[in-house]
Amino acid sequence: MPNYKLKKILSQMRDTGINELPSSYRALVAAAPRAKEKTSAGSAGRAPLEKIKKEYAECLMCPLAKSRLRIVFGEGSPRARLMFIGEGPGFTEDHLGRPFVGRSGNLLSDIISKGLKMKREDVYITNIVKCHPMKDPSDPEKHSNDRPPSPDEVSKCMPILLRQIDAIRPEVICTLGSPAAKIMLDRKDGISNLRGKIFDIHPLKDDPCYSVKLVPTFHPAYLLRNPPAKKPAWEDIKVVLGLLKK
Ligand code: URA
């Protein structure tokens, strides 16, 4: 049997909770289609995005649940080849329940449409954490109330992002800003050291065969504050384009 077919069967089996190899080749082949039929999920038994979104609709896993106005799950194509990952929703995102819709979101939309010549709805946009981390959680109406998510908030929220990645299986991930890059790469260096490189990551523990290229770039909010950084950011976007053309 070709290697890729075997990998696919093993991956389907893992997706449906079969962790031990049947003793014979015949049993191995027979088990895979049955396992797939048992679930109503998407390709290879993976849960579709909408199902995952519903599962977390009332999420209370971390303290951000108390202050958030809306969960910002993410949006875009479930078949996106490119996924953008930011740090966490801000004021406007919290109010509208959509990622990157404030000032930095407008710049991200320009990067997608003018730089990548793609439609916003053809990529997938989400964040490391799905609720707005606030300095003063007592007042979601306060402006300039953003803070980075805490390590505990990140670790509680990470399973959602990993399930989104699993459902979409993008070919390229572009992280926006230092925290998103550091978290996805499990590195301590800042964005200036991480950008300008292409990383090959295997984010799914249950499917180590899946790999995705990760391109870190600056956060759009940083580009708004530091316009000269737009030049290197454009280099990063060209790298993304090159990877998508392959
Ligand atoms: N900044 C982020 O990191 N994410 C958003 O969704 C908006 C602003």
Side-chain angles (χ1 to χ4, degrees), residues 49 52-53 56-57 59 62 64-65 67-77 80 82-113 115-116 118-137 140-151 153-158 160-162 164-165 168 170 172-185 187 190-192 194-195 214-227 229-230 233 236-237 240:
L49 275 179
I52 302 168
K53 186 173 178 178
Y56 291 101
C59 179
C62 87
L64 297 181
S67 52
R68 71 163 181 244
L69 297 178
R70 289 169 187 248
I71 295 181
V72 182
F73 182 73
E75 66 182 24
S77 168
L82 170 61
M83 185 174 202
F84 286 97
I85 303 178
E87 176 182 344
F91 178 94
T92 315
E93 290 76 19
D94 188 33
H95 280 71
L96 299 180
R98 295 179 54 206
F100 282 95
V101 283
R103 270 188 79 222
S104 55
N106 292 338
L107 180 54
L108 179 62
S109 297
D110 281 351
I111 291 171
I112 294 166
S113 62
L116 292 166
M118 293 172 86
K119 293 189 186 132
R120 200 178 139 114
E121 58 268 31
D122 290 340
V123 304
Y124 196 82
I125 306 174
T126 189
N127 284 296
I128 298 277
V129 298
K130 310 303 189 215
C131 300
H132 182 196
M134 296 175 212
K135 283 187 257 181
D136 175 3
E141 295 306 328
K142 209 185 231 174
H143 285 270
S144 305
N145 194 16
D146 306 339
R147 64 160 171 83
S150 71
E153 289 154 1
V154 169
S155 68
K156 296 260 169 51
C157 219
M158 244 356 235
I160 308 182
L161 178 60
L162 294 175
Q164 289 173 305
I165 294 173
I168 298 168
V172 183
I173 288 176
C174 180
T175 51
L176 303 167
S178 208
K182 284 166 140 175
I183 291 162
M184 290 305 293
L185 294 169
R187 297 267 297 245
I191 186 67
S192 302
L194 295 175
R195 66 149 297 281
L214 188 146
V215 179
T217 193
F218 293 119
H219 196 283
Y222 177 75
L223 299 179
L224 290 171
R225 291 194 305 271
N226 297 276
K230 284 185 180 172
D236 301 332
I237 294 305
V240 170

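Read the numbers this way: they start at 1 and go in the same order the structure lists the ligands and their atoms.
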Who's the nearest protein heavy-atom neighbour of atom 1 (N) of ligand 1, and how far? His219 NE2, 3.1 Å
Taking 4.0 angstrom as the limit and counting only heavy atoms of Pro99, give me the atoms of ligand 1 inside it, by number and element. 6 (O)
Nearest heavy atom to atom 6 (O) of ligand 1 wins, so pick from Thr175, Leu176, Asn127. Asn127
Exercise: identify the closest heavy-atom pair between Ala221 and Ser104: N-CB, 3.6 Å
If we ignore hydrogens and angles and just use 3.5 Å, is the side chain of Asp94 paired with the main-chain N or O of Leu69 as donor and acceptor? yes
Examine ligand 1 and decide if any of its atoms is less than 4.0 Å from a heavy atom belonging to Gly88. yes
Examine distances only and state if a side-chain atom of Glu93 and a backbone atom of His132 form a donor-acceptor pair shorter than 3.5 Å. no
Salt bridge (Lys or Arg N to Asp or Glu O under 4.0 Å) partners of residues 98-111, not counting sequence neighbours, each pair once: Glu75-Arg98, Asp110-Lys114
When only distance counts, is Ser104 in polar contact with ligand 1, meaning an N/O pair under 3.5 Å? no
N/O of Phe100 under 3.5 Å from N/O of ligand 1, yes or no? yes
How does Glu93 reach ligand 1, if at all, at less than 4.0 Å between non-hydrogen atoms: by side chain, backbone, both, or neither? side chain
For Asp136, all residues meeting salt bridge (Lys or Arg N to Asp or Glu O under 4.0 Å), sequence neighbours excluded: Lys142
Distance filter under 4.0 Å to Gly86 heavy atoms, resulting ligand 1 atoms: 3 (O)
Side-chain donor or acceptor of Thr217 paired with backbone N/O of Arg195 under 3.5 Å: no
